[in-house]
Amino acid sequence: TFLVGDLVEADGTIANAVADIVGVVIQEVDAAASTNTNVLTLARGPAMVSKSAINLNGLILADVVTKLKSLGIMVNDAV
């Protein structure tokens, strides 16, 4: 299951390292690991997301914010 705010890698998995983040999931989707399921993601800006909406999965918020900004995705306290 992909939840809104999950950080994803290019291969469609949940990001385990900041450097691998290529987007933020913006639509909840149930997808089995071995299927080819479309997941709607925000991959570049200009756009804005809320800090509270990001699922960090153990990553450090400041590092994630920096990475998302490099993609043109601004991160605010509230949207």
Side-chain angles (χ1 to χ4, degrees):
T1 298
F2 291 91
L3 302 175
V4 172
D6 282 346
L7 303 166
V8 291
E9 296 184 13
D11 66 0
T13 59
I14 301 298
N16 291 311
V18 171
D20 297 331
I21 296 170
V22 297
V24 180
V25 174
I26 58 174
Q27 178 184 20
E28 188 171 324
V29 174
D30 285 325
S34 61
T35 63
N36 186 13
T37 303
N38 290 329
V39 178
L40 191 59
T41 61
L42 180 61
R44 64 176 187 258
M48 185 182 312
V49 296
S50 173
K51 286 180 184 176
S52 64
I54 299 172
N55 300 326
L56 293 172
N57 193 33
L59 301 175
I60 297 170
L61 179 60
D63 296 338
V64 170
V65 168
T66 299
K67 176 62 178 184
L68 292 177
K69 282 183 180 179
S70 76
L71 300 173
I73 301 169
M74 302 307 295
V75 181
N76 284 353
D77 291 329
V79 176

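- Residues I26 and I54 share a single hydrophobic cluster, defined by chaining ILVMFWY side chains whose heavy atoms lie under 4.5 Å apart.
- Counting only distance, with no hydrogens or angles, the side chain of N55 and the backbone of V4 share a donor-acceptor pair below 3.5 Å.
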Side chain to side chain contact (heavy atoms under 4.5 Å, CB included) between L7 and V24, worked out: CA-CA 5 Å; L7 303 166; V24 180; 3.8 Å; yes

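- Rounded to the nearest 0.5 Å, atoms CD1 (I21) and CD1 (I14) are 10.5 Å apart.
- Closest heavy-atom contact between T1 and D6: O-OD2, 4.1 Å.
- Remark: D11 CG is packed, more than 12 non-hydrogen atoms of other residues, nucleotides or ligands lying under 6.0 Å away.
- Residues V64 and L42 fall within the same hydrophobic cluster, defined by Ile, Leu, Val, Met, Phe, Trp and Tyr side chains chained together at heavy-atom separations under 4.5 Å.
- Looking only at distances, a side-chain donor or acceptor of N57 sits under 3.5 Å from a matching main-chain atom of A15.
- Among the candidates I60, D63, L56, the single residue satisfying the side chain to side chain contact (heavy atoms under 4.5 Å, CB included) test with V18 is D63.
- When side chains are defined from C-beta on, V25 does not count as touching L40, because their heavy atoms never get closer than 4.5 Å.
- Among residues two or more places apart in sequence or in another chain, the side-chain contact (heavy atoms from CB on, under 4.5 Å) test is passed with L71 by L68, I73.
- Counting only heavy atoms from C-beta outward, the side chains of V8 and F2 approach each other to under 4.5 Å.
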